[in-house]
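Working notes, structure below.
Sequence lines set the chain letters: A, B, ... in the order given, protein chains first and strands last, and positions in each chain run from 1.
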Number of protein chains: 2
Amino acid sequence: MSESRPRIVPEATVARLAVYLRVLAGLADGGRSSVSSGELASAAGVNPAGLRKDLSYLGPCGVRGVGYSVAGLRERLTEVLGGERSRPCVLVGIGRLGSALADYAGFASRGFEFVGLLDSDPRTVGTEVGGLPVHPAEELEAVVARTGATIGVITTPAEVAQTVCDRLVAAGVRSILNFAPVALTVPAGVDVRKVDLSVELQVLAFLDQQRDGSAPVVAALRADAREPVR
Amino acid sequence: MSESRPRIVPEATVARLAVYLRVLAGLADGGRSSVSSGELASAAGVNPAGLRKDLSYLGPCGVRGVGYSVAGLRERLTEVLGGERSRPCVLVGIGRLGSALADYAGFASRGFEFVGLLDSDPRTVGTEVGGLPVHPAEELEAVVARTGATIGVITTPAEVAQTVCDRLVAAGVRSILNFAPVALTVPAGVDVRKVDLSVELQVLAFLDQQRDGSAPVVAALRADAREPVR
DNA sequence: AACCGCTTGTGAACGCCTGAACAAAGTCGC
DNA sequence: GCGACTTTGTTCAGGCGTTCACAAGCGGTT
Ligand SMILES: NC(=O)c1ccc[n+]([C@@H]2O[C@H](COP(=O)([O-])OP(=O)(O)OC[C@H]3O[C@@H](n4cnc5c(N)ncnc54)[C@H](O)[C@@H]3O)[C@@H](O)[C@H]2O)c1
Ligand SMILES: NC(=O)c1ccc[n+]([C@@H]2O[C@H](COP(=O)([O-])OP(=O)(O)OC[C@H]3O[C@@H](n4cnc5c(N)ncnc54)[C@H](O)[C@@H]3O)[C@@H](O)[C@H]2O)c1
C-alpha cells in the first residue's frame, strides 16, 4: 500500500542534497517560507531540472504551481541525510589543519560534534582546542569506545595515516574522512572519503595551462593540433 | 605515422594523474626505477585498467612487458599537469584554515607558491604566516598585478566570498579554489573548484545511516553478502 | 634467431549521471 | 466554479566515465 519504495540515491545526488540543505538553512534565517526549484538551484549553483530530479529521489515533497516549503523540505532533507541526532566524530592529528577543523563552528551547527581529539605530540596533548582537551594517541580505542564515535577524521602526516585508519576501523569507526595524501585501504563495509588539496590545485594548474594554449604539451592534447616539435 | 589523434583529457582523469604523480615521487625517493600499472594503481587506489587508460591520453609512455619508467613517467606527468614552473597563488582570508594552508609545505614542493596573503582584520595584517607577511585586503588588486598570480584561494567567511571572487577575477585571476560554503558565480573562462568539508561529513553521515537504518534489508544487497535468501 | 611470458595500450560494452522536453497537478484570479 | 498560469515530477535521450577482455609489442631466454 504505502509504497515507501527505498530508491537508491546516487552518491553525487547525496552530496548535492547536503548543499541544498545548507541553502535552505540560509533561506529560513532570511524568513522565507517557500522556494521554487529555479531559485534554489541558482543559489546552489546547479541546474533546476537536476535539482528536481535529485529531490524526486525522496518522493514528492513540493507543491506544484507553488514550489517547496522551506521548513518542510529542510526537515525532509535533514531526515534523509542522517537524522537530526548529533553524530560523534573523532579527530586524529591536531596539527595546523586539525586545529582549524576542531575549532570550526560550522560542523556543530549541522549535527557533527567532535567528541575526541587525539595527537601523538606530547606538546600538543593536554592543550585545549576548540574547547576540547587533546588526548594522547594511545587512547584512541578508549575514546572511540567511550564516545561511540562512528566518524573518524584523519589529519595526521601521510606516513601514519594507514596505521591510524586501521586502529579507527578496529575500534568500530565505519566512516572516515581522510586529509592525508595517501590511498587508505579499508575492509568492506567501511566508507572512506578523501580530501586532497594538492590535487585540487594541480587540476587548476592544468586548466590554466590548457587555457594558455602556448605550451607544446597542450597543443598535442588539443583537438586538431599536431605536435610541432619532437 | 604520428597520428595526433584528438584526445581531450577528462577532468576526472586529470585529478587522478595528479595522484599518480605524487605516488611516483614517493617511488623515486624509494629508489625505484620502474613500476607496473598494477603496482601504481594499487598505490593510488584505482583500477589498473583505468590507470592505463588514463595514461593512454598522454600517448604511449610505458614499455610493454616491463612497465613504466618512474623518472620518465614522472617527467611526462609534470609536464602535462602544468609544467615545472612555479605557479604563483594568492590566498585571501588568513584565518584558521587560511593559516594552515599558508603554512603547509606540501604545496611549495609541487610548484605552488603563495606569493600573497591577504586579510581584512587589522590584527592579522602585518603578522607573518609561513614566512610571508599578511597584506591588507585593499591591496588585493595590487598584489595580483605585481605577482602575476593566476590562482586564487578563498578562505574567507561565506558572506564576502563572492565579493572577493569578483575582485580576484577583475584583477586577472582565472583559477579559483573556494573553501567558503557558497556557490560562486564567475564569468566564462574562469575555473572554480570548491572544497566543501561539511558536505563530505554529511555524505559520510548518510552512508552511516544507510548502513544502520536498513541493515537487515541492505545486508542482502551488500557485495560481501551474496548468499540468496535462506 | 625464434620462442615465450609478461605488460601495455585500446576497443567495446556497460552503467551512471546530466540536461532538456513534456505532462500532471495545484493554485490564484475572476 | 472554472479557466489559465505556474511549477513540479517524470520520462527520454545523450554524453561521460568506468570496467572488462584481448590483441599487440617488448625483453629475456634458449
Ligand atoms: N595543512 C594543510 O594545509 C594541508 C594541506 C593538504 C594536505 N594536508 C595534509 O593533512 C595532514 C596534516 O597536515 P598538517 O599541516 O596539519 O600537519 P601537522 O604536522 O601540522 O599536523 C600533524 C599532526 O599529527 C600529529 N601526529 C603525528 N603522528 C600521529 C599519530 N600517529 N597519531 C596521532 N597524531 C599524530 C602530529 O603530532 C601533528 O600534530 C598531512 O597529511 C598533510 O599532508 C595538509
Ligand atoms: N576552519 C574549518 O575547518 C572550515 C571548515 C569548512 C569550511 N570552512 C570555511 O572556510 C572559510 C574560512 O574558515 P575559517 O575557519 O578559517 O574562518 P576564520 O574566521 O578563522 O577566518 C576567516 C578570515 O577571513 C578574513 N576576512 C574576512 N573578510 C575578509 C575580506 N573581505 N577580505 C579578506 N579577508 C577577510 C577574516 O579576517 C579572517 O581572518 C569559511 O568560509 C568557512 O566556512 C572552514
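Using a cut-off of 4.0 Å between Lys/Arg side-chain N and Asp/Glu carboxylate O, A:R193 and A:E11 are scored as salt-bridged. The residues A:R174 and A:D191 are annotated as not salt-bridged, no charged nitrogen and carboxylate oxygen being separated by less than 4.0 angstrom. A salt bridge links B:R32 to B:E39: at least one charged side-chain nitrogen sits closer than 4.0 Å to a carboxylate oxygen.
Protein atom CG of B:L51 is 9 Å distant from nucleotide atom P of C:dT8, rounded to whole Å. Rounding to whole angstrom units, CG of residue B:N47 and P of D:dA21 are separated by 11 Å. Remark: P of C:dT8 and CG of B:L58 are 14 Å apart, rounded to the nearest angstrom. The separation between A:Y57 atom OH and D:dG9 atom C1' is 13 Å, rounded to whole Å. In this structure, B:Y68 atom OH and C:dG9 atom C1' are separated by 7 Å, rounded to whole Å. Distance B:L55 CG to C:dT10 C1': 13 Å, rounded to the nearest Å. Between B:L40 atom CG and C:dT7 atom P the separation is 14 Å, expressed in whole Å. Taking atom CG of A:D54 as the reference point, atom C1' of C:dC17 lies 10 Å away to the nearest angstrom.
Checking D:dC20, C:dG9, C:dT27 against the side-chain heavy atoms of B:R52 singles out C:dG9 as nearest. Of the candidate nucleotides C:dA20, D:dC22, D:dG9, D:dG9 has the atom nearest to the side chain of A:P60. If you check D:dG9, C:dA20, C:dT18 against the side chain of A:A49, the one that comes closest is C:dA20. Comparing D:dT19, C:dT8, C:dA20 by their closest approach to the side chain of B:R64 singles out C:dT8.
One finds a side-chain N or O of A:S37 lying less than 4.0 angstrom from the OP1 or OP2 phosphate oxygen of D:dT8. One finds a side-chain N or O of B:R16 lying less than 4.0 angstrom from the OP1 or OP2 phosphate oxygen of D:dT18. The phosphate of C:dT7 has neither OP1 nor OP2 within less than 4.0 Å of any side-chain N or O from B:S36.
The residue A:G62 sits close only to the backbone: its heavy atoms come under 4.0 Å of sugar-phosphate atoms, none of a base.
Taking 4.5 Å as the limit, some side-chain heavy atom of A:L51 sits within range of a side-chain heavy atom of A:S37.
Side-chain contact annotation: A:S175 with B:R211, donor-acceptor N/O pair under 3.5 Å present.
Projected onto DNA chain C by closest heavy-atom contact, A:P10 and B:V63 fall at different nucleotides, the more 5' of which corresponds to B:V63.
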